[in-house]
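Below you'll find the structure, written out as structure tokens, and then a few comments.
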Amino acid sequence: MIRIEQLTTRQGSFTLGPIDLDLGESSYLTILGPSGAGKTLFLEACMGLLTAHSGRVWINGTDVTHIPPEQRHISYLPQDLALFPHLGVKENILFGARHRKVDKELAESRLGELLDLLDLHGIVNRHDVTSLSGGEKQRVALARALLPGPRLLFLDEPFSALDATIRRQLQVSLREINRQLGVTILHVTHDQEEAFMLGERIAVMIAGRLRQIGDRDNIYYQPESLDVANFLRNQNIYDTTVAAIAADGSLQMENSITGAPSYPGAQVGDHVAVGIRSEEIVIIRSNKPIGPELQQNLFDGTVKDILAFGGTHTLIVEVLSTGTCVDVELPNCAMRDLGYNIGDELQICLRRHSLWTIKKEVNDVAV
Amino acid sequence: MIRIEQLTTRQGSFTLGPIDLDLGESSYLTILGPSGAGKTLFLEACMGLLTAHSGRVWINGTDVTHIPPEQRHISYLPQDLALFPHLGVKENILFGARHRKVDKELAESRLGELLDLLDLHGIVNRHDVTSLSGGEKQRVALARALLPGPRLLFLDEPFSALDATIRRQLQVSLREINRQLGVTILHVTHDQEEAFMLGERIAVMIAGRLRQIGDRDNIYYQPESLDVANFLRNQNIYDTTVAAIAADGSLQMENSITGAPSYPGAQVGDHVAVGIRSEEIVIIRSNKPIGPELQQNLFDGTVKDILAFGGTHTLIVEVLSTGTCVDVELPNCAMRDLGYNIGDELQICLRRHSLWTIKKEVNDVAV
Amino acid sequence: MLRRDTIFKGAMLLPLVVLCGYFLLLVGSQSAFFSMTDFLEQIGQKDIRSAIALSLIAATASTVIAVIIAIPAAYALARIDFPGKRLVDTFIDLPMVLTPIALGTLILMSWNTSIGRLLSDIGITLPFTFAGIILAQFTVVVAISVRMLKATFEQVDPRQEQVARLLGCSAFESFLHVTLPLARRGILAAIILTWARAIGEFGATVMVAGTARGQTATLPSSIYLAMSMADLPRAVTLVVILIGISLLVLFGVRMVPESRG
Amino acid sequence: MLRRDTIFKGAMLLPLVVLCGYFLLLVGSQSAFFSMTDFLEQIGQKDIRSAIALSLIAATASTVIAVIIAIPAAYALARIDFPGKRLVDTFIDLPMVLTPIALGTLILMSWNTSIGRLLSDIGITLPFTFAGIILAQFTVVVAISVRMLKATFEQVDPRQEQVARLLGCSAFESFLHVTLPLARRGILAAIILTWARAIGEFGATVMVAGTARGQTATLPSSIYLAMSMADLPRAVTLVVILIGISLLVLFGVRMVPESRG
């Protein structure tokens with residue numbers, strides 16, 4: 001559908017890329033990154049609103065690198081929506097049909113479909129788009145983008161200004177649009193929940209580069225670089241050194257973690273970071289039998305602090321042998337059952353299949 | 001420490017209040033609300049930056065309603081920090097000491113303490129505050145606010161621009177400042193995680209009013225109005241009618257939910273909303289014995305859709321008897337064990353001690 | 001309790017009050033010399049009426065020409081990147097800081113170059129003609145027009161134009177169907193203020209076109225003539241007319257209908 | 001492939017190019033009449049040198065007075081709410097849309113009211129004096145100064161002032177230690193542009209103070225005198241000086257050091 005090859009561009013002192021990306025028919029990719037990572041710039045470069053310094057963009061096999069934006073047939077929903085304030089709701093939605101010279105009857109029938117799909121019948125005759133609510137504006141802008149029947153839809157943080165309930169409704173609509181209309185979607189966001197829920201694949205962009213592309217589990221559980229791990233709120237990251245390589249290929253670390261996954265070219269003595277999600281850590285309850293997978297990486301510790309969130313608690317556990325702190329996340333129901341207090345002693349297990357390993361480059365610094 | 005009584009103010013067409021609030025010595029209150037709820041306006045009215053239309057503000061027993069801001073001895077960290085760009089780091093931090101005529105030696109010793117506490121030694125001699133990183137600016141602004149030794153600190157979305165790792169560090173610092181220095185903190189945020197983690201008590205502000213004040217569990221599990229429930233992402237909210245009042249005082253609903261908590265003046269025939277957190281719903285596994293608390297509110301359903309997030313999945317379960325949809329949240333580890341697919345049949349339990357009930361006013365509309 | 005704040009506010013407001021008082025004094029001072037009978041008699045005179053007509057026509061013509069050139073020029077400065085843009089952007093302000101007297105002198109001098117002689121040969125003469133008035137006014141006001149319109153175009157969100165492009169508009173269509181409608185309030189304000197500046201123009205006009213009664217004497221020139229001949233009733237009449245126009249302009253600009261955007 | 005875009009850009013850039021060309025032609029046209037020997041000879045003459053000195057001193061004096069009044073007035077308009085603010089804000093622009101000729105006339109007329117007579121009695125006379133020049137220039141430029149400074153103060157984040165208040169500053173201390181330092185770049189630019197407007201002022205000055213050679217003839221008045229006597233070498237010299245000042249001002253304003261904020 002769309003293929004991007006070694007695309008670079010610049011704005012002021014910020015450099016984007018080089019970026020390579022390949023999106024298939026009807027796929028849904030979210031690009032997740034902190035603000036200032038260059039996400040919007042990347043979309044602009046793909047759409048031809050910004051001149052690419054180098055690299056190429058193909059759409060449906062055609063090289064569009066030097067084609068003006070209006071001939072690329074990409075629909076775009078910018079973060080601020082950019083509804084036309086001088087036009088009414090219906091005129092806004094039909095703007096694309098008018099300028100793309102879509103057949104009038106076809107435009108009307110598509111309009112009908114979109115009014116159904118996005119539940120716009122109640123407001124389609126409103127003249128003043130500035131008086132619409134946030135969710136209504138969003139739906140109008142989405143209808144405007146979809147009316148020309150695009151095969152490629154670019155979304156830039158489309159839901160950041162909406163409250164949770166309306167956001168969920170629109171997210172579900174987007175999934176349907178992707179599946180039913182077969183529209184390929186490239187969706188940029190800084191919201192992890194949104195990126196994970198909507199993207200079939202997720203690309204993490206940091207400082208103008210795509211640092212990792214993969215499915216949910218890959219991005220969430222197997223970060224490939226420290227900045228991705230940090231951005232995705234991995235709280236447990238430990239610097240250590242490879243002490244030995246086991247027969248099954250897994251790594252044994254100086255800090256006594258064993259069974260960590262290996263990486264290409266792993267050698268004893270490599271400086272690495274080992275990490276684990278705080279909700280993947282198991283607290284061993286002495287009165288229960290433990291399975292074979294919980295026989296490894298057992299550490300005794302004391303509860304140093306307890307952070308309470310809405311639906312979860314995080315125990316900060318200090319490991320007795322090394323003095324390092326481990327974040328252990330518990331759902332409230334587990335916390336209610338176990339009832340830990342600061343100072344309590346417990347045993348935790350860093351399950352080997354939940355560990356990740358990243359080889360540290362010389363200039364990597366753990367935050 | 002600070003007491004607010006029937007405070008109201010206005011800006012343009014927006015009306016704030018009336019608001020009542022009472023904060024004790026060394027307490028930590030977070031005010032949680034969507035953007036545009038009037039959170040900043042409320043802080044401004046308390047600080048005297050905005051004239052109160054009516055109501056009074058007491059600090060330490062003194063009525064300060066008509067006292068200018070500089071004499072209220074409140075320290076303030078605004079969202080954009082507002083560091084003074086024409087002054088260096090040290091001059092910024094010492095600005096308050098200079099204008100509050102703090103004794104020079106005392107100021108120097110406090111400066112030393114704050115440099116330690118906030119890890120600012122590396123940048124204290126920088127001249128250009130605009131070149132600092134986001135986290136550094138934040139720490140400098142915090143040091144500037146703390147240097148005059150305030151007993152009351154107002155924070156306005158202090159961490160919204162920071163990435164997760166630095167945010168966590170600063171959140172932990174804030175807890176320490178609150179506990180060690182005994183500073184009373186009033187912290188405004190739209191971030192639920194932050195509000196729950198930091199606030200001893202949490203006040204929910206929506207549309208210029210404090211809609212609920214309580215501790216974590218109260219706010220999270222027992223919303224007192226539908227707009228609070230919606231804002232706090234309660235996905236399962238059902239409109240129904242009270243069918244009967246049980247002997248133990250709990251309510252039985254028309255939609256066959258039983259054991260819901262009562263409310264003052266509950267009567268058969270009242271229109272109510274009943275809700276439950278999606279992670280509080282239990283999936284009954286037929287091969288396991290179920291305790292007495294899981295004998296009530298059992299519903300058979302089919303999995304209509306599965307939403308995958310980073311660390312959790314949400315099953316959308318359609319209840320067979322009524323056709324309503326229930327969101328059921330599962331941590332990934334449970335999802336891995338159970339392995340549900342769309343179309344699967346299962347039995348869910350809405351545990352009675354996790355339910356909440358809100359009596360619907362005539363003009364309440366469920367979203 | 002709020003005394004220090006009140007004193008500060010008062011101290012800041014005082015100069016504003018003094019200034020307004022001074023302006024009110026100025027505007028009111030003509031009333032000592034104003035009489036309705038004189039005013040009506042003056043208004044009835046042919047050369048005053050021709051000065052009014054001349055001023056209105058010339059200011060309107062020079063404004064139209066200035067805005068037609070300024071709209072694309074301002075858009076280019078606001079949106080298009082080109083080498084030397086900073087230099088051009090600075091240089092285009094020249095007529096705003098150079099005294100109109102010098103501008104008028106330069107217009108006259110340029111008429112003595114080969115280009116001017118060429119135009120004279122084909123019958124277009126500037127000095128002491130209606131065309132001269134228009135060129136003088138145009139030269140003085142076009143830069144102001146560009147400056148105001150540039151600010152207006154900068155306030156139009158480029159996202160709107162970009163979305164229009166992606167919905168099928170060419171750059172020109174997007175300018176026509178999105179930028180201009182969104183900028184219409186600012187354009188209207190710019191037209192009014194440009195016109196006000198043109199009708200009040202004196203220095204360049206007097207240098208290029210002179211002050212021939214009934215021929216090239218605009219309203220400001222006529223005041224100058226009246227005062228130099230100590231014809232107070234006429235001067236008062238003209239001043240009152242110009243004050244009226246100015247107040248209309250000032251309050252008219254504020255009342256340009258808010259665009260929906 | 002990008003041809004339509006290129007044509008559009010070209011079409012929007014063309015008027016800008018034409019305009020720049022026209023201004024360059026104007027500035028260059030004096031070169032046909034310019035000779036270095038004439039210039040140096042003219043510069044050596046006493047009445048030209050006194051016109052230069054008079055212009056510099058008067059423009060500086062009127063700018064200083066205007067800015068001293070405009071800073072608090074502009075701050076009040078930017079920050080303080082008071083009843084009738086919209087009206088005051090509109091009315092204060094009057095000298096910007098009323099022709100200086102009319103303003104000069106109004107100053108003269110106001111001098112004939114009881115206030116003026118009172119001042120005359122204690123020895124302060126305006127018409128045809130140095131004080132008259134300053135008052136005329138002040139009247140024309142003070143509104144521009146207020147307008148520019150208001151925009152400057154509006155760009156200072158009120159949060160900065162508020163934080164200063166909460167750190168112990170009174171309203172005045174916060175203005176002094178925070179607002180003024182943060183606004184210094186805009187204030188400097190406003191001073192320069194106000195001064196440029198004052199030194200080029202002709203209409204009001206000529207009405208109030210006349211054009212007495214060596215006494216009240218400023219640079220613009222001297223050009224007018226020179227042209228009316230067809231003294232081209234003198235006119236060219238004066239125009240070149242004013243062009244030089246204008247270019248210095250234009251590029252000077254752009255080079256005001258960026259404040260750190």
Side-chain angles (χ1 to χ4, degrees), chain A residues 11-12 40 43-51 67-89 91-102 107 126-132 140-150 152-154 156, chain C residues 67 71-72 74-87 89 148-149 151-192 253 255-261:
Chain A
Q11 191 169 66
T40 300
L43 294 186
E44 287 175 351
C46 293
M47 293 184 288
L49 297 175
L50 209 74
T51 313
I67 280 185
E70 66 269 27
Q71 287 164 30
R72 297 192 184 194
H73 290 271
I74 301 173
S75 273
Y76 176 42
L77 193 65
Q79 186 171 8
D80 57 5
L81 306 180
L83 288 176
F84 301 126
H86 59 299
L87 302 177
V89 170
E91 289 167 294
N92 260 287
I93 300 177
L94 289 172
F95 191 92
R98 190 147 64 94
H99 291 280
R100 287 224 176 278
K101 319 247 160 6
V102 174
R126 293 268 280 275
H127 289 296
D128 184 2
V129 293
T130 59
S131 71
L132 300 175
V140 171
L142 196 53
R144 181 181 65 177
L146 290 172
L147 193 108
L152 204 46
L153 177 63
F154 281 16
D156 190 357
Chain C
V67 168
I71 284 180
Y75 186 82
L77 282 175
R79 285 282 198 270
I80 303 173
D81 278 325
F82 54 88
K85 184 170 167 179
R86 257 184 83 98
L87 195 69
D89 199 25
M148 284 191 291
L149 287 167
T152 294
F153 287 130
E154 277 170 346
Q155 271 172 23
V156 173
D157 184 2
R159 268 297 168 240
Q160 311 258 15
E161 298 170 6
Q162 294 174 343
V163 166
R165 294 296 299 271
L166 290 157
L167 289 168
C169 288
S170 67
F172 177 69
E173 287 169 336
S174 132
F175 176 71
L176 204 67
H177 297 300
V178 175
T179 317
L180 283 184
L182 290 180
R184 65 182 185 282
R185 185 168 189 265
I187 293 173
L188 194 52
I191 290 173
I192 294 175
V253 164
M255 295 214 281
V256 169
E258 281 284 346
S259 66
R260 271 195 263 159

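The analysis underlying the following values was restricted to heavy atoms, covering all of them including side chains, and did not include hydrogens, waters or symmetry mates. Just so we're clear, the structure is a prediction, and the values are computed from it rather than from any experiment. Residue numbers begin at 1 in each chain, while the letters A, B, ... track the order of the sequences.
Of all the listed residues (C/S174, C/G168, C/A164, C/A171), the one sharing the greatest number of non-hydrogen pairs under 4.5 Å with chain A is C/G168. Among the candidates A/E44, A/R98, A/K101, A/Q79, the residue making the largest number of heavy-atom pairs closer than 4.5 Å to chain C is A/E44.
A distance of 11.0 Å separates CG of C/L167 from CG of A/L94, quoted to the nearest 0.5 Å. Note: A/F84 CZ to C/H177 NE2 = 10.5 Å, rounded to the nearest 0.5 Å. Between the CD atom of C/E161 and the CG atom of A/L49 there is a distance of 10.5 Å, given to the nearest 0.5 Å. Of the inter-residue distances, the one linking A/L83 atom CG with C/D157 atom CG reads 11.0 Å to the nearest 0.5 angstrom.
Listed for the A/H99 side chain is no donor-acceptor partner under 3.5 Å among the backbone atoms of C/S170.
For C/R159 against A/T40, the heavy-atom pair with the smallest separation is NH2-CG2, 3.2 Å. Closest of all the heavy-atom pairs between A/P69 and C/R165 is CD-NH2, 3.5 Å. The heavy-atom pair separating A/A82 from C/Q160 by the smallest distance is O-OE1, 3.3 Å.
Neither the backbone nor the side chain of A/R72 comes within contact range of chain C; no heavy atom of the residue lies under 4.5 Å from a heavy atom of that chain. Heavy-atom distances place the side chain of C/E173, and not its backbone, under 4.5 Å from chain A.
Counting heavy atoms from C-beta outward, A/M47 and C/Q162 have side chains that stay 4.5 Å or more apart.
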